[in-house]
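Along the sequence shown, the residues carry numbers beginning at 1.
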Amino acid sequence: MMKRLVCVLLVVLGGFPAFADDEAMELYTYLYNNSVNPVDKLGVLRLVIESEPSGAGQFYADALKQLVETGMNLQTATERDAADELARLLCYHTGEEKVASSAGDIWRAFETFPNPLVKAEALMALGRMQAGAFLPQVIQVLNDLNLAPAADYESAEKIAYGAILSLEKYQEKEGYLPVFFASIGWYSARIKDTAKKSLTVILADPTEPLTEIITSSAYNYQAKLDALRTMEESNSSGEAKAGFALAAYNEGWLAATSVTRERMLLNTMRKFSMGMIQRYGTSDNAVYSLLDRSYKGGTDWEEKLGAVSTLGILATPEAARQLANYLQLFNAALQRGTITPNDERMVREVIPALGATGQSAGRAALNTVLALDWTNAVKILAREALSKIR
């Protein structure tokens with residue numbers, strides 16, 4: 001019977017193009033409310049979606065309220081599928097129409113329907129509506145999913161996808177870290193890539209939430225390194241990135257561990273921080289003691305060289321003095337006869353870096369090189385460095 005009424009409605013509305021929207025909505029509403037089968041209700045809903053009459057927003061809101069408050073007696077798989085699609089479409093279009101009063105009903109749809117596609121659509125609808133009252137719930141959903149892979153991997157990913165896009169739409173600072181942890185979490189590459197793209201939309205400058213990760217003992221070293229990389233990829237200013245890199249560099253030396261993998265992560269974090277400081281510079285004098293630690297106590301050759309090259313790039317009087325001190329220690333070792341092949345290898349890095357600073361503080365150490373019994377190759381480097389000093 002209902003299917004025949006729907007067909008009649010199609011004929012009536014199709015035959016009269018000027019049929020008033022309010023009259024059409026009355027017919028749609030009558031048909032929808034008198035349909036007891038979700039399949040028939042879905043048919044009416046699709047007619048409304050296709051015709052896009054004015055006033056449809058209230059229709060969607062009322063239909064959604066009816067759905068979550070009364071439920072349906074679903075007898076077959078076809079009816080269950082239709083009910084799921086009904087809920088998904090109503091959440092989507094109510095969200096698109098931004099019917100703020102329906103936010104609670106959308107959340108009830110999330111809680112009521114086990115279908116992950118319905119849940120994902122409900123979360124995205126809340127984000128599109130900017131339903132602030134439900135932001136904590138959306139955040140909690142994603143935080144819970146981030147903790148560990150779920151037994152139903154595919155369903156969990158669908159819901160996480162909805163939560164990520166929801167928080168992207170909210171564009172609230174509180175949503176940044178849950179999406180960040182999704183971007184480095186257990187999910188497939190598709191979900192993680194979606195989260196990474198959402199991060200730049202949620203916050204242009206994520207310095208504040210990412211600093212929380214760097215400075216808090218609640219997060220592991222891998223998370224700290226990922227936060228550093230995320231900051232580098234963000235749209236933050238060079239100044240903000242430099243300050244963040246310095247904080248991460250400091251953390252890389254404050255932390256202590258005997259676990260080999262963790263020591264490697266800290267080493268990588270320090271080297272990555274130095275790379276950012278090279279690119280963006282810094283006027284904070286705290287950098288010099290950190291670079292000195294990397295030069296003297298770095299866990300690999302690359303870190304030691306990174307300290308030297310960073311000093312050369314900073315090119316400040318203090319950087320030149322630090323490099324000159326290193327070079328004078330090698331000069332003294334040569335005079336004592338205790339110079340090693342690794343020492344000479346490092347000398348070949350320190351001298352060009354000292355020249356790159358262009359600072360007069362390096363002149364005495366370079367002239368000492370020329371006066372001592374260094375190899376011709378080292379003396380050539382010293383002359384080249386001296387030619388660059390003002």
* Spell out, yes or no, whether Leu291 and Met276 are grouped together once hydrophobic residues are joined by side-chain heavy atoms under 4.5 Å, including indirect joins. => no
Practice problem: Start with the C-alpha distance between Gln66 and Asp62, add both sets of side-chain angles, then the distance that settles side chain to side chain donor-acceptor pair (under 3.5 Å), and finish with yes or no. | Solution: CA-CA 6 Å; Gln66 180 189 113; Asp62 293 341; over 6 Å; no
Check your understanding: Around Arg263, counting heavy atoms of other residues, nucleotides and ligands shown, do more than 12 lie under 6.0 Å from its CZ?
Key -> no
message = Please tell me whether Gln222 and Arg261 have a donor and an acceptor in their side chains that are separated by less than 3.5 angstrom.
response = yes
Note: Ile106 and Ala122 closest approach over all heavy atoms is CG2-O, 3.3 Å
For this session: Tell me, yes or no, whether the heavy-atom count around Lys98 atom NZ, taken from other residues, nucleotides or ligands under 6.0 Å, exceeds 12.
Result: yes
Closest non-hydrogen atoms of Cys91 and Leu64, given as atom of the first, atom of the second and distance, are SG-CD1, 4.3 Å
Q.
Within the structure provided, determine whether Glu85 and Arg80 are in side-chain contact (heavy-atom separation under 4.5 Å).
A. no
Non-hydrogen side-chain atoms of Ser188 and Ile191 separated by less than 4.5 Å: yes
>> Looking only at the side chains, is there a donor atom on one of Asp205 and Thr207 sitting less than 3.5 Å from an acceptor on the other?
In response: yes
Quiz prompt | Any donor-acceptor N or O pair under 3.5 Å, side chains Thr316, Gln359 | solution = no
When rounded to the nearest 0.5 Å, the distance separating CG of Leu266 from CD of Glu303 is 10.0 Å
Heavy-atom closest pair (Leu228 atom, Ala248 atom, distance to 0.1 Å) is CD1-CB, 3.7 Å
The complete set of ring pair (Phe, Tyr, Trp, His ring centres under 6.0 Å) pairs with one or both residues in residues 137-160, sequence neighbours excluded, reads Tyr153-Trp186
| Same cluster for Tyr221 and Met231 if Ile/Leu/Val/Met/Phe/Trp/Tyr side chains link at under 4.5 Å? | yes
### Query
Counting only heavy atoms not in Glu208, do more than 12 fall under 6.0 Å of its CD?
no
CG of Leu354 to CG of Leu366, rounded to nearest 0.5 Å, is 4.5 Å
Side chain of Arg270, backbone of Gly252: donor and acceptor closer than 3.5 Å? yes
Nearest heavy-atom approach of Leu290 to Tyr249 is O-OH, 3.1 Å
Sub-3.5 Å donor-acceptor pair from the side chain of Asn250 to the main-chain atoms of Leu246, do we have one?
no
Margin query: According to a hydrophobic-cluster definition based on side-chain heavy atoms being under 4.5 Å apart (Ile, Leu, Val, Met, Phe, Trp, Tyr only), do Tyr288 and Trp253 belong together?
Written below: yes
* Asked: Is any side-chain N of the basic residue among Glu111 and Arg108 closer than 4.0 Å to the acidic one's carboxylate O?
  -> no
Does some side-chain heavy atom of Val201 sit less than 4.5 Å from a side-chain heavy atom of Gln171?
-> yes
Taking every heavy atom of Asn115 against every heavy atom of Leu117, the minimum-distance pair comes out as OD1-N, 2.8 Å
More than 12 foreign heavy atoms under 6.0 Å from NZ of Lys271: is that the case here? yes
So the ring pair (Phe, Tyr, Trp, His ring centres under 6.0 Å) pairs with at least one residue in residues 158-180 (sequence neighbours excluded) are none
Side chains of Asn342 and Trp301: donor-acceptor distance under 3.5 Å anywhere? no
Looking only at atom types and distance, does a side-chain atom of Asn146 sit under 3.5 Å from a main-chain N or O of Pro178, one as donor and one as acceptor? yes
* Polar side-chain atom of Thr29 near backbone of Met25 as donor-acceptor pair, under 3.5 Å -> yes
Shortest non-hydrogen pair, Ala320 vs Ala361, comes out as CB-CB, 4.0 Å
- Task: May I ask you to establish whether Lys192 and Tyr187 are in a cation-pi arrangement, using a distance under 6.0 Å from NZ or CZ to the six-membered ring centre and at most 45° from the ring axis?
- Result: no
To the nearest 0.5 Å, atom OG of Ser237 lies from atom CZ of Phe244 at 13.0 Å
**Asked** With distance as the sole test, does Thr200 use its side chain to make a donor-acceptor pair with the main-chain N or O of Lys197 at under 3.5 Å?
**Response** yes
Quick note, ring pair (Phe, Tyr, Trp, His ring centres under 6.0 Å) partners involving residues 44-75, not counting sequence neighbours, are Tyr32-Phe59, Tyr60-His93
Distance col, row Ser183:OG vs Asp193:CG, nearest 0.5 angstrom, shows 9.5 Å
CD (Glu239) with more than 12 external heavy atoms under 6.0 Å: no
### Query
With side chains defined as the heavy atoms from C-beta onward, is the minimum distance between Ser294 and Met274 less than 4.5 Å?
yes
- Between Leu31 and Lys41, is any pair of side-chain heavy atoms under 4.5 Å apart? no
Less than 4.5 Å apart, any side-chain heavy atom of Trp374 and any of Thr368?
no
For Pro116, the side-chain contact (heavy atoms from CB on, under 4.5 Å) test, sequence neighbours excluded, returns Ser155, Lys158, Ile159
_If you count every heavy atom of other residues, nucleotides or ligands that lies below 6.0 Å from Glu154 atom CD, does the total exceed 12?_
no
| query | Tell me, do Val308 and Met346 make a side-chain contact under 4.5 Å, heavy atoms counted? | reply | yes
- Task: May I ask you to decide if Asp81's main-chain N or O and Asp84's side chain share a donor-acceptor pair within less than 3.5 Å?
- Result: no
Verify, without hydrogens or angle tests, whether Ser309 (side chain) and Gly306 (backbone) share a donor-acceptor contact under 3.5 angstrom.
yes
query = Do Gln322 and Asn325 have a side chain donor and acceptor closer than 3.5 Å?
reply = no
- Does the side chain of Ser102 pick up a donor-acceptor pair with the side chain of Asp105 at under 3.5 Å? no
CG (Leu42) and CG (Leu86) are apart, to the nearest 0.5 Å, by 6.0 Å
Let me check something: do Leu381 and Ile313 share a hydrophobic cluster, defined by ILVMFWY side-chain heavy atoms less than 4.5 Å apart, either directly or through other members? no
Fill in: Glu79 and Asn37 side chains, donor-acceptor separation under 3.5 Å
yes
Hey, mind stepping through Glu344 and Arg348 against salt bridge (charged side-chain N to carboxylate O under 4.0 Å, His left out) and telling me if it holds?
-> CA-CA 6 Å; Glu344 183 166 342; Arg348 293 169 182 258; 3.3 Å; yes
To the nearest 0.5 Å, atom CG of Leu123 lies from atom CG of Leu165 at 10.0 Å
Contacts satisfying salt bridge (charged side-chain N to carboxylate O under 4.0 Å, His left out) that involve residues 216-236 (not counting sequence neighbours) are Lys224-Glu251, Glu232-Lys241, Glu232-Arg279
Item to check | Under-4.0 Å salt bridge between Glu121 and Arg88 | outcome: yes
(request) For the pair Phe181 and Tyr219, evaluate ring-ring contact (aromatic ring centres under 6.0 Å, His included) and give the outcome as yes or no after the intermediate values. (result) CA-CA 11 Å; Phe181 283 109; Tyr219 302 104; 5.5 Å; yes
Contacts satisfying ring pair (Phe, Tyr, Trp, His ring centres under 6.0 Å) that involve residues 305-364 (not counting sequence neighbours) are Tyr295-Tyr326
Evaluate the side-chain proximity of Gln130 to Leu135: yes if any heavy-atom separation is below 4.5 Å, no if none is. no
**Asked** Does a salt bridge link Asp292 with Lys296, judged by any charged N lying under 4.0 Å from a carboxylate O?
**Response** yes
